[in-house]
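From a predicted model like this one, the values you see are computed outputs, not experimental measurements. Atoms within each ligand, like the ligands themselves, are counted from 1 in listed order.
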Amino acid sequence: MDSLAIITGKPAFDEPLHVGRPNIGDRDRLTARFNELLDRNWFTNNGPFVQEFEQQVAKFVGVRHCIAMCNATIGLEIAIRAAGLTGEVLVPSYTFIATAHALNWQEITPIFCDIDPETHNIDPNCIEKMITPRTSGIIGVHLWGRPCAIDALSKIAKKHNLTLMFDAAHAFGCSYQGQNIGTFGKAEVFSFHATKFINAFEGGAVVTNDDELAAKTRLMKNFGFAGYDNVTYSGTNGKMTEICAAMGITSIESIDRLIEVSRRNYCAYCDCLREVDGIKLLQYDESEKCNYQYIVLEVDEAIFGVTRDQLVTCLQHENVLARRYFYPGCHNMEPYRSHYPHAGLLLPATDRVAKRVVVLPSGTAVNPEMIGTICNKIALVSTNAATVRSLLKETTTTGTAM
Ligand code: T4K
């Protein structure tokens with residue numbers, strides 16, 4: 001009979017299975033591009049690969065402008081500045097810390113709003129009470145690639161004359177009511193970090209249909225240079241390199257296969273976890289375009305038998321390096337924790353979700369057979385809950401493990 005590594009000491013996998021293992025497109029095409037850029041001796045500063053990447057992204061999304069960036073964090077910072085946000089901006093606390101830092105870095109106060117516990121996205125019903133005379137905008141985050149309630153957010157933004165933008169770091173290849181993410185609000189920002197299903201090693205992009213914002217963004221990401229010896233703006237260095245663009249182009253070429261693999265994995269997880277009580281697998285809306293990159297579970301301790309953190313520890317013993325994203329919420333991280341020690345009082349859904357979420361490995365590094373094994377172990381943790389609880393209690397009190 002199958003057993004748990006926390007009991008037997010024998011992990012299910014010899015090598016660690018990571019969340020966020022990079023997907024790699026066609027290696028031959030990638031190395032051909034590396035050779036091409038080396039032969040060309042043009043490595044950065046709006047080179048041909050960056051231009052090609054921008055055109056590909058703009059065409060794919062169906063948007064007038066794509067400005068490639070060295071990463072999404074700088075992309076957010078520049079888009080926020082180009083859009084003229086000031087004072088206070090409403091954001092969810094349940095997101096990667098970069099969403100909040102991109103504001104705070106330029107002395108704009110992120111005001112944390114609660115999320116809808118079903119969607120994990122900013123809850124439009126919580127927004128209006130957070131608006132003050134200093135509020136200049138809202139940044140929604142399409143968490144896990146599942147779109148925000150864009151219609152409701154747009155109505156609120158219009159009513160209060162606020163700028164609406166989106167952190168679309170997770171949402172390349174996704175849609176809302178049949179329209180591609182990337183086409184909403186004043187601007188949206190994608191991430192092409194190594195851990196994203198389409199990656200450029202490191203990378204990001206600001207996409208917009210606003211000509212003025214695009215022009216400002218382009219200047220700002222290149223020190224404000226409007227031409228040789230002609231600086232017309234205060235700017236920074238947000239440029240994507242040619243080698244990153246080469247990786248990005250090669251990734252996009254494989255997008256159909258990568259979505260297919262992610263969807264296959266998601267369906268396998270759905271099948272294998274259906275019978276496990278106390279585990280909820282976040283669903284993707286099959287009537288929309290989805291990239292299926294994140295496999296997100298919520299653990300209900302009362303039914304499952306152990307806490308989310310105990311499950312993560314058990315999976316680590318199996319060499320399954322599950323992650324508890326975005327714990328404990330931005331409002332519980334510095335500097336926000338010190339600035340607003342009582343923010344949690346207004347963020348009950350955020351606190352609850354952050355304590356329950358665990359993300360499992362997916363992407364090209366994982367296949368349905370491995371998923372079967374991972375899910376089998378998850379089910380076993382629940383059936384052996386009492387043993388697991390007492391083992392973990394012993395190891396933490398004696399300090400011998402974890
Ligand atoms: N907004 C949102 C909502 C975001 O989620 C993010 C980034 C941003 C904005 C900002 O985008 P960027 O400025 O990064 O473009 C990772 C990523 O670093 C980060 O990009 C991502 N979100 C976040 C959700 O995840 P960590 O702290 O999880 O990284 P790390 O080093 O722990 O790696 C995660 C997993 O991936 C590990 O299991 C190991 C594996 N991995 C990682 C790398 C870098 C690999 O197997 N190979 C690799 O090369 O932040």
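Judged by distance alone, with hydrogens and angles left aside, the side-chain atoms of N121 form a donor-acceptor pair with the main-chain N or O of P147 at under 3.5 Å. No donor-acceptor distance shorter than 3.5 angstrom exists from the side chain of R356 to the backbone of E298, with no hydrogens or angles considered. Judged purely by atom type and a 3.5 angstrom limit, Y94 has no side-chain atom pairing as donor or acceptor with the backbone of A349.
Backbone and side-chain nitrogen or oxygen atoms of A72 are examined, and one is located within less than 3.5 angstrom of a nitrogen or oxygen of ligand 1. Considering backbone and side-chain N/O of K196, one or more are found under 3.5 Å from N/O of ligand 1. Ligand 1 has a nitrogen or oxygen under 3.5 angstrom from a nitrogen or oxygen of V19. Not a single N or O atom of T95, backbone or side chain, sits closer than 3.5 Å to an N or O atom of ligand 1.
Between D309 and R324, at least one side-chain N (NZ, or NE/NH1/NH2) sits under 4.0 Å from a carboxylate O, which counts as a salt bridge.
Taking the ring axis of Y233 as reference, the NZ or CZ atom of R81 does not stay both within 45° of it and closer than 6.0 Å to the ring centre.
Taking all heavy atoms of R21, R323, H18 into account, the minimum distance to atom 46 (O) of ligand 1 is reached by R21. Here atom 44 (C) of ligand 1 lies nearest to H193 when heavy atoms of E202, H142, H193 are compared.
Using a 4.0 angstrom heavy-atom cutoff, P22 counts as in contact with ligand 1. Using a 4.0 Å cutoff on heavy atoms, G203 counts as a contact of ligand 1.
Relative orientation of the Y266 and Y292 rings is tilted, given thresholds of 30° and 60° on the angle between their planes. Using the six-membered ring where Trp is involved, Y336 and H339 have ring planes that are perpendicular, over 60° apart on the 30 and 60° scheme. Using bins of under 30°, 30° to 60° and over 60° for the plane-to-plane angle, the ring pair F190/F172 lands in the perpendicular bin.
In plain terms, the two heavy atoms of H142 and E188 that are nearest each other are NE2-OE1, 2.9 Å.
Contacts with ligand 1 closer than 4.0 Å are made by side-chain heavy atoms of F326 only, the backbone lying farther away. Residue-level proximity to ligand 1 for T73 is carried by backbone and side chain together, each with a heavy atom below 4.0 angstrom.
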Applying salt bridge (Lys or Arg N to Asp or Glu O under 4.0 Å) to E260 and R263, what does each step give before you reach the verdict? CA-CA 5 Å; E260 202 181 298; R263 184 172 182 278; over 6 Å; no
For E15 and R21, run salt bridge (Lys or Arg N to Asp or Glu O under 4.0 Å): C-alpha distance rounded to whole Å, both residues' side-chain angles, the deciding distance at 0.1 Å, then the answer. CA-CA 13 Å; E15 298 291 325; R21 262 283 181 257; over 6 Å; no
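Protein heavy atoms all stay at least 4.0 Å away from atom 29 (O) of ligand 1.
Looking from atom 6 (C) of ligand 1 to the surrounding protein, the closest heavy atom is F96 CD2, 3.2 Å. Residue, atom and distance of the protein heavy atom nearest to atom 25 (O) of ligand 1 are Y325 OH, 3.7 Å. Regarding atom 43 (C) of ligand 1, its nearest protein heavy-atom neighbour is T195 CG2, 4.2 Å.
Residue S191 has at least one heavy-atom neighbour below 4.0 Å for each of these atoms of ligand 1: 11 (O), 12 (P), 15 (O). Set against the non-hydrogen atoms of G20, the atoms of ligand 1 under 4.0 Å away are 36 (O), 40 (C), 41 (N), 45 (C), 46 (O). Each of the atoms 8 (C), 9 (C), 10 (C) of ligand 1 lies under 4.0 Å from some heavy atom of A98.
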